[in-house]
Student: 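Here it is: the structure, laid out below.
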Amino acid sequence: MAEASIYEIHDPLFRQLIVTSAGLDELYSGCRWAEGPVWFNDANQLLWSDIPNQRMLRWTPESGVSVYRQPSNFSNGHTRDRQGRLISCEHGGRRVTRTEIEGSITVLADRFEGTRLNSPNDVVVKSDGTIWFTDPTYGIMSDYEGYHAEPEQPTRNVYRLDPATGQLAAVVTDFIQPNGLAFSPDETILYVADSGASHDESLPRHIRAFDVVDGERVANGRVFCLIDKGIPDGIRTDVNGNLWSSAADGVHCFDPAGKLIGKIRVPQTVANLTFGGPRRNRLFIAATRSIYSVYVAVSGAQVP
């Protein structure tokens, strides 16, 4: 293994994915726990959550940082649907919402089989418009990132929501704490982080992979990779099928076979990340109190 600057090179392939002269830029510091970054290319802006401070923040290259929404209902993860609308996971309301173009908020899911969700955490939208999200208990464990409450769901699930019909289905029900999730570029694989070790080191700190069957369910669950520092939280894939994961020491990059090929070291624990910029080749990193960015040599797979 060679090290250069902020990069750890574990495999020569990683050199093709990074710009070794590119440094880590701190765009903002002042969060309590930065999470859920999402890029809006049409507005040239990044949105993210500062969960304990009950706010969502916005960054633009021209104007810097401003408050986008406060209170935020302890929002956590975000993404966009294929119409460009903001999809958010809210700890406070224990729900998944959509922000309409004119600014109103539509509740997409807050219950499953008659009882309240735990605290939706992270979310992705598939090309067919369905919304897939995780539902661990982090937002109800205390009053710091939500409202303390007992879980009503017997398990902590990964869900698939069809917003056209409102049908909500639990596609995986055996996680300890499901967290970040992402599809492979061709959407044949769903990756989901299990961050159970966050409160018990004997529990999982891995990312699982599932085959997507008929676009509606998953099968053949297996451990894709382990995180050797901290836990996996938010994850993303690039157009080549590599997976980029948050970790305690920075961002870890795994090839499509699950091999660790490199790391980008970050001075604070990383919670989440997203690709952005006009060519989706700028990695935005939510790390504890700060938002960082670094240019890379590959584009993110997520659309839009």
Side-chain angles (χ1 to χ4, degrees), residues 26-39 45-59 64-79 86-97 99 105 107 110 116-123 133-152 156 176-181 193-201 205 227 229-235 245-251 266-274 284-293:
E26 186 178 44
L27 304 180
Y28 180 74
S29 179
C31 298
R32 289 194 180 277
W33 183 248
E35 254 284 11
V38 57
W39 177 255
Q45 68 179 12
L46 180 79
L47 300 183
W48 75 93
S49 297
D50 180 7
I51 305 176
N53 280 328
Q54 267 265 46
R55 61 181 181 169
M56 292 171 59
L57 299 172
R58 167 175 33 207
W59 173 86
V65 175
S66 59
V67 174
Y68 173 78
R69 178 180 295 164
Q70 190 172 28
S72 65
N73 217 8
F74 293 102
S75 67
N76 188 339
H78 306 280
T79 192
L86 177 68
I87 307 296
S88 302
C89 293
E90 298 180 4
H91 287 180
R94 298 165 70 169
R95 64 188 191 177
V96 177
T97 64
T99 300
I105 295 176
V107 178
D110 61 0
R116 299 186 72 186
L117 298 174
N118 294 319
S119 56
N121 184 282
D122 211 350
V123 59
F133 66 93
T134 56
D135 189 38
T137 56
Y138 291 120
I140 57 174
M141 293 176 73
S142 74
D143 290 321
Y144 188 62
E145 293 190 2
Y147 302 107
H148 182 260
E150 291 300 316
E152 298 179 23
R156 298 157 188 182
I176 303 300
Q177 290 283 28
N179 207 314
L181 71 172
D194 194 333
S195 55
S198 61
H199 289 72
D200 182 341
E201 292 189 357
R205 58 179 74 243
I227 298 298
K229 299 291 184 181
I231 59 171
D233 198 330
I235 58 177
S245 174
S246 54
D249 57 344
V251 176
V266 178
Q268 301 182 70
T269 296
V270 175
N272 213 327
L273 61 147
T274 195
F284 291 94
I285 303 167
T288 310
R289 299 184 64 85
S290 300
I291 293 292
Y292 297 92
S293 75

Student: Determine whether Cys89 and Asn121 satisfy the following criterion, side-chain contact (heavy atoms from CB on, under 4.5 Å), listing intermediate values before the conclusion.
Tutor: CA-CA 6 Å; Cys89 293; Asn121 184 282; 5.6 Å; no

Student: Which value, rounded to the nearest 0.5 Å, describes the distance between Asn179 atom CG and Tyr138 atom OH?
Tutor: 5.5 Å

Student: Does a donor on one side chain and an acceptor on the other come within less than 3.5 Å for Arg69 and Thr99?
Tutor: yes

Student: Any side-chain heavy-atom pair from Thr274 and Val38 closer than 4.5 angstrom?
Tutor: no

Student: Please round to the nearest 0.5 Å and tell me the distance separating atom CD of Gln54 and atom NE2 of His91.
Tutor: 11.5 Å

Student: Would Phe284 and Trp59 count as a close aromatic pair, with their ring centres under 6.0 Å?
Tutor: yes

Student: Please give me the minimum heavy-atom distance between Pro232 and Ile227, naming the atom from each residue.
Tutor: CB-CG1, 3.5 Å

Student: Can you name the nearest heavy-atom pair linking Val96 to Pro120, along with the distance?
Tutor: CG2-CB, 3.8 Å

Student: Nearest 0.5 Å please: distance from the CG atom of Asn53 over to the CH2 atom of Trp33.
Tutor: 13.5 Å

Student: Considering non-hydrogen atoms only, spot the tightest contact between Asn118 and Pro136 and give its length.
Tutor: CB-O, 3.0 Å

Student: Nearest 0.5 Å, please: how far is CD in Gln268 from OH in Tyr292?
Tutor: 4.0 Å

Student: Treating Arg205 as the side-chain partner and Gly230 as the backbone partner, does any N or O pair qualify as donor plus acceptor under 3.5 Å?
Tutor: yes

Student: Could you walk me through whether Thr134 and Arg156 pass side-chain contact (heavy atoms from CB on, under 4.5 Å), step by step?
Tutor: CA-CA 8 Å; Thr134 56; Arg156 298 157 188 182; over 6 Å; no

Student: Got a second to check how far Leu57's CG is from Leu47's CG, nearest 0.5 Å?
Tutor: 9.0 Å

Student: Within the 4.5 Å heavy-atom criterion, are Arg32 and Ile51 side-chain neighbours or not?
Tutor: no

Student: What is the minimum heavy-atom distance between Gly36 and His78, and which atoms define it?
Tutor: O-CD2, 3.1 Å

Student: State the CD-OG distance between Gln45 and Ser66, to the nearest 0.5 angstrom.
Tutor: 8.0 Å

Student: Looking only at side-chain N and O atoms, does Ser198 offer a donor or acceptor that is under 3.5 Å from a partner on Gln177?
Tutor: no

Student: What closest approach, in Å, do Pro151 and Thr137 show between heavy atoms, and which atom pair accounts for it?
Tutor: CB-CG2, 4.3 Å

Student: Mark yes or no for whether Asp50, through its side chain, and Met56, through its backbone, hold a donor-acceptor pair below 3.5 Å.
Tutor: no

Student: side-chain contact (heavy atoms from CB on, under 4.5 Å), that's the test. Do Asp233 and Val270 meet it? Break it down for me.
Tutor: CA-CA 8 Å; Asp233 198 330; Val270 175; over 6 Å; no

Student: Before giving the answer on side-chain contact (heavy atoms from CB on, under 4.5 Å), spell out for Asn272 and Asp122 the whole-Å C-alpha distance, their side-chain angles and the decisive distance to 0.1 Å.
Tutor: CA-CA 10 Å; Asn272 213 327; Asp122 211 350; 3.4 Å; yes

Student: Between Thr288 and Thr269, is there a donor-acceptor pair closer than 3.5 Å when you use the side chain of the first and the backbone of the second?
Tutor: yes

Student: Decide yes or no for Phe133 and Leu117: does some side-chain heavy atom of the first lie under 4.5 Å from some side-chain heavy atom of the second?
Tutor: yes

Student: For Ser290 and Ala34, work out which heavy atoms get closest and say how close.
Tutor: O-CB, 3.9 Å

Student: What residue among Arg116, Arg95, Glu90 forms side-chain contact (heavy atoms from CB on, under 4.5 Å) with Asp110?
Tutor: Arg95

